[in-house]
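For reference, the structure is listed below as structure tokens.
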Amino acid sequence: MIAYDELEKKWQKAWADSNAFEPEPSDKPGMLITFAFPYVNSPMHAGHMKTYSLTDSYARYMRMRGYNVLLPMGFHMTGTPILGMAKRLAANDAELIDDFIKVYAVPKEEIAKMGDPLYLAKYFAVDTEAGMKEAGLGIDWRRKFTTIDPQFSKFIEWQFGKLNKLGFLTQGTHPVGWCTTDNSAVGGHDTKGDIQPKIEEMIAIKFKDTQSDVYFPCGTYRPETIYGVTNLFVNDKTTYAIVSIGKYQCYLSKEAVGMLSNQIKVDVTGEIQGSELLKRKAVNPVTKEEVPVLPGFFVKPDVGTGIVMSVPAHAPFDYAALERLKASGYPVPSMEYKKVIDLDGKAGAIGKSIDPSMLSGAKGKVEHPEIPALAYLELMNANANAMDDVIERATKAIYKEESRYGVMAAGKYSGKPEAEARELIKKDLIGANEAIAIYIIANEEPVYCRCGTRVIVKVVSDQWFINYGDKKWKEKVRKSLPKTRILPEKLRPTFEYLVDWLDLRATERAHGLGTPFPLNPSHIIESLSDSTIYMIFYTFSDILNSNKVSAEQLKPEFFDYVICSQGDGGKVASSTGIDLSIIQKCKESFEYWYANTSNHSGADLTNNHFIMYLFNHVAVLDEKYHPKQIVPNGLLLYEGQKMSKSIGNTMPIRSLIVKYGADPIRFSSVATADLDTETNFEESTINSVKQKNEFIEETIERLDEMLAAELVHIDYWLYSKLNSKIQKATAALDTISFRSAYNEIYYNTMTELKWYFERGGSNEMVVRELLEKFTLMLGPAMPHVAEEFWHMLGKSTLVAKEKWPTPDKSMTGGTVEVVEDTIRKTMDDIDAVMELTARMPANKGKSASLIRIIIADDWKTEAYNALAEKKNISKALAELKDANKETASKFLSQFASKIMTLEKIEPVRCDEMAKAFSQAISYISKRYKTSIAVEKESESKSQRASRAVPGKPSIEVVW
RNA sequence: GCAGGGGUGGCAGAGCCUGGCCAAAUGCGACGGGCUUAGGACCCGUUCCCUUUAGUGGGUGCGAGAGUUCAAAUCUCUCCCCCUGCACCA
């Protein structure tokens with residue numbers, strides 16, 4: 001049994017004692033490998049481990065490949081979540097406290113102090129650092145910092161000064177989710193149930209009241225249906241406000257006033273009952289038709305404007321409302337349900353492109369194609385009296401199908417695809433002041449702030465943005481991107497797309513921990529914006545610390561000089577009071593480490609962190625220091641499920657390490673998936689890894705029992721496997737394909753070693769060499785176990801500081817593996833023959849006495865390859881010099897049917913094959929409990945001899 | 001809706017770029033056997049269907065359909081479905 005806990009402590013101490021992970025600039029090529037620093041509002045859990053162990057393993061690998069690798073770490077404390085959590089703890093939020101105790105295992109007395117956000121952050125920073133050490137991450141802790149350290153803030157201020165000078169900071173308006181009670185922006189983690197508020201733009205089309213100068217603004221997503229409007233719907237049981245918006249008077253539900261007043265200037269000048277509005281008529285701004293105002297059962301005062309336009313031909317709710325009104329005896333004026341959108345001929349019938357599951361599986365008959373809204377209800381075997389959820393589904397179906405295949409059948413865009421017409425009409429209406437754009441929270445259910453207030457949309461003015469939409473900036477990034485290696489490379493199209501997509505990004509917030517925003521110091525710099533080029537800070541943070549450089553001394557000219565080579569070192573020294581030698585040291589360190597970088601993070605950060613990382617580097621740094629490599633990795637599943645607190649499977653990493661050991665966890669989160677796939681973390685994987693480790697341990701212990709002897713075929717085979725393994729694994733690791741690499745290094749080695757022993761292999765020298773190189777290659781993924789094995793193998797050095805093995809190419813390729821494959825396949829054939837012959841009546845009750853294995857003559861191999869090349873029997877025959885043409889042509893005709901697919905085989909001499917088989921006699925004989933004879937075709941007297949084929953010896957079983 | 005990534009055997013997951021050695025690696029599961037007091041672990045074999053008394057032969061098959069080719073999981077087109085992201089939030 002391997003005692004993982006003891007072993008981990010032992011080797012972690014050995015690494016620390018030898019400063020294995022505290023590199024300094026040197027003559028060796030340097031590499032700065034960074035991973036997204038953790039946001040410390042909770043402990044590190046298994047999900048983090050994927051990125052961390054992957055990155056550490058890569059760092060260890062590159063170190064063994066001869067790079068001087070720096071792997072630093074810091075802690076992210078910027079922003080609101082830490083604040084929010086502290087606030088909830090201070091307010092004794094029972095649910096959260098429960099999570100802290102049960103899931104995070106935080107002691108009660110600590111929770112009591114966590115009402116202080118700084119205390120909370122520091123607690124989890126300490127906890128996370130301890131966890132990382134326990135996981136064996138090879139981090140240079142001398143460089144640690146947090147994003148609220150005053151020195152780091154100076155660095156961030158400098159960066160924003162740069163961006164400002166470059167003209168990349170702009171001010172403007174911006175829609176955000178908003179809580180009117182807290183008076184602050186609301187993101188996903190600020191809401192009840194962690195719902196991300198979805199902000200959508202809607203259009204409100206103004207219909208003028210015929211009796212006054214007041215307008216009915218009708219909220220809609222489908223302005224193109226304006227041609228089919230028959231009436232308006234209001235909620236007759238609610239009260240509407242009369243408001244002025246700009247120079248227009250409008251009706252708005254009272255709820256809408258509250259929601260919209262945070263977006264546009266709305267002044268309430270009066271109010272009117274919904275029932276009163278029913279007496280009015282309104283003018284369609286496009287068709288100029290006068291339409292009545294009717295009561296709509298489904299009109300919700302808190303959605304949109306509280307007024308909708310009715311298009312019964314295309315909107316199932318409108319259709320249902322009108323039909324029900326008529327049925328109730330309400331005086332509905334006669335009207336035409338005008339169809340204004342046709343389905344494109346290609347799409348065929350209504351409902352054809354809709355998946356039945358979208359319609360609850362029902363497939364009713366369409367009786368009224370001339371009224372699509374009804375037709376989609378009919379598809380679901382429903383009508384105007386359907387339940388709301390059925391109408392809802394019909395609405396989605398018609399929206400989907402018409403958006404995709406619809407063609408305008410009315411109005412000035414007649415003949416155009418609906419989707420296109422929608423945008424054109426929207427633009428027309430807004431341009432003509434006949435509609436306004438409004439924002440709504442588009443979630444299906446209302447979203448509430450944690451304080452209980454419903455979240456609305458606010459359009460923030462005077463908001464500062466980083467203008468990632470800047471054309472020149474984008475151009476620079478586009479030029480730089482091809483020089484950045486992206487792993488996995490298939491993500492490149494995503495990055496190319498994101499470079500175009502990235503636009504204005506709000507960069508300051510009213511609340512949270514962090515660095516004050518220089519252009520508005522009452523706000524702080526938003527948390528992702530301060531984490532774009534922070535890796536630079538690692539390259540000299542240790543120098544600043546050890547020389548006690550204060551924040552005040554870190555004036556912009558310091559960073560200008562150190563990072564951008566601007567200005568004069570002497571002058572910087574005198575203006576900042578920092579020793580010139582220290583400044584120079586910082587500069588050299590930056591230039592050394594930043595020449596070669598690799599930035600790693602979960603793929604979930606692709607469209608924010610990674611893309612901003614690229615932009616900000618390109619903006620601030622000289623081309624020499626632009627990103628060299630970025631590595632987004634897939635996430636981690638726990639027993640096949642996403643990790644989430646609600647499922648209760650967010651396991652803090654420290655307790656997992658206690659339970660399973662660091663290396664098995666590292667290995668199963670790293671070596672079971674390549675970059676682009678999600679890792680499935682399973683207990684069964686961990687157990688099997690532990691068992692395999694024990695097999696290796698036992699094999700090392702058994703080395704003493706093995707002998708030094710002359711090398712035979714199976715030894716060469718193992719050598720060949722070993723060396724090709726090194727080659728394959730190295731190639732895979734160069735693209736961070738850990739799964740492929742460790743399939744080779746780990747799992748295949750197990751299989752091969754077992755086969756080697758099975759086949760009677762027991763050469764001490766061969767096995768020892770295999771184990772040594774195996775152990776070295778195990779180093780990156782299972783560092784502690786590798787050190788232990790290395791030690792058991794009698795070594796006194798550290799794997800962490802050793803060189804990665806190089807393949808001995810003279811030992812690979814050739815014919816050894818082909819020969820061994822032939823032996824294996826031959827045994828399969830023997831199995832088959834034994835089974836078949838055993839059933840023959842003559843052999844009943846007997847057992848086989850001898851198995852003859854007859855190896856094909858060399859001329860057959862030549863003939864076979866000639867045929868594979870020429871794809872023609874007579875041409876192949878012409879190639880053969882010494883063979884008996886008649887026999888040869890007979891032989892070749894066997895393959896006539898496969899002639900096109902025939903491929904050349906590795907030629908193995910008959911002598912060599914026969915020798916390998918001879919060496920395997922004892923193994924084969926033991927397996928079949930018979931005598932074995934190995935013969936060459938030319939020397940064999942067996943009548944089956946001529947059946948021997950290259951790579952497929954003839955078999956004769958004698959009973 | 002827009003964009004990106006996918007759809008492979010009971011499950012997970014390779015292969016697809018560079019078409020043929022692919023009934024498709026590997027792992028798990030299941031079944032049969034060995035080992036064992038028993039279980040676990042371990043070892044051997046089987047695991048799409050049919051067929052086979054000398055080491056097979058045939059059918060079906062990689063989301064659906066069509067195409068290119070002597071040959072398609074792999075290339076082209078169309079369609080269906082799934083996942084992720086769509087921002088100011090870590």
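By convention in this document, chain letters (A, B, ...) are assigned in the order of the sequence lines, proteins followed by strands, and residues within each chain are numbered from 1.
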**Message:** Which nucleotide wins on minimum distance to the side chain of A:Trp501, given the candidates B:C86, B:C88, B:G13?
**Reply:** B:C86
**Prompt:** How would you label the contact of A:His609 with the nucleic acid (heavy atoms, under 4.0 Å): base, sugar-phosphate, or nothing?
**Reply:** nothing
**Request:** Check every strand shown and say whether A:Asn41 touches a base, only sugar-phosphate, or nothing at a heavy-atom separation below 4.0 Å.
**Result:** nothing
Whole-Å [atom1] distance, [N] and [M]:
N: B:C49; M: B:C44; atom1: C1'; value: 26 Å
N: B:G27; M: B:C35; atom1: P; value: 24 Å
N: B:C22; M: B:U36; atom1: C1'; value: 40 Å

**Prompt:** Is the closest basic N to carboxylate O distance between A:Glu956 and A:Arg944 below 4.0 Å?
**Reply:**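 No.
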**Message:** Could you check whether A:Arg505 pairs with A:Glu526 (Lys NZ or Arg NE/NH1/NH2 to Asp/Glu carboxylate O, under 4.0 Å)?
**Reply:** yes
Polar pairs (N or O, both sides) under 3.5 Å between protein and nucleotides 51-56 of chain B?
unit_1	atom_1	unit_2	atom_2	d
B:A54	O2'	A:Arg944	NH2	2.9
B:A54	N1	A:Val957	N	3.4
B:G55	O2'	A:Asp829	OD1	3.2
B:G55	N7	A:Arg944	NH2	3.2
B:G55	O6	A:Arg947	NE	3.4
B:G55	O6	A:Ser954	OG	3.4
B:G55	N1	A:Pro953	O	3.3
B:G55	N1	A:Ile955	N	3.3
B:G55	N2	A:Asp829	OD2	3.2
B:G55	N2	A:Pro953	O	2.8

**Request:** Please check if any side-chain donor atom of A:Thr515 sits under 3.5 Å from a side-chain acceptor atom of A:Asp530, or the reverse.
**Result:**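 No, A:Asp530 and A:Thr515 have no side-chain donor paired with an acceptor closer than 3.5 Å.
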**Whole-Å gap separating C1' (B:U84) and OH (A:Tyr497)** = 13 Å
**Request:** May I have the distance from A:Glu418 (atom CD) to B:G1 (atom C1'), rounded to whole angstrom?
**Result:** 12 Å
**Prompt:** Under 4.0 Å: is that the gap between some side-chain N or O of A:Gln463 and OP1 or OP2 of B:C88?
**Reply:**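 No, because none of the side-chain N or O atoms of A:Gln463 sits under 4.0 Å from OP1 or OP2 of B:C88.
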**Prompt:** Mind checking whether A:Phe517 and A:Trp464 have parallel, tilted or perpendicular rings, split at 30° and 60°?
**Reply:**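 Rings of A:Phe517 and A:Trp464: tilted, 30 to 60°.
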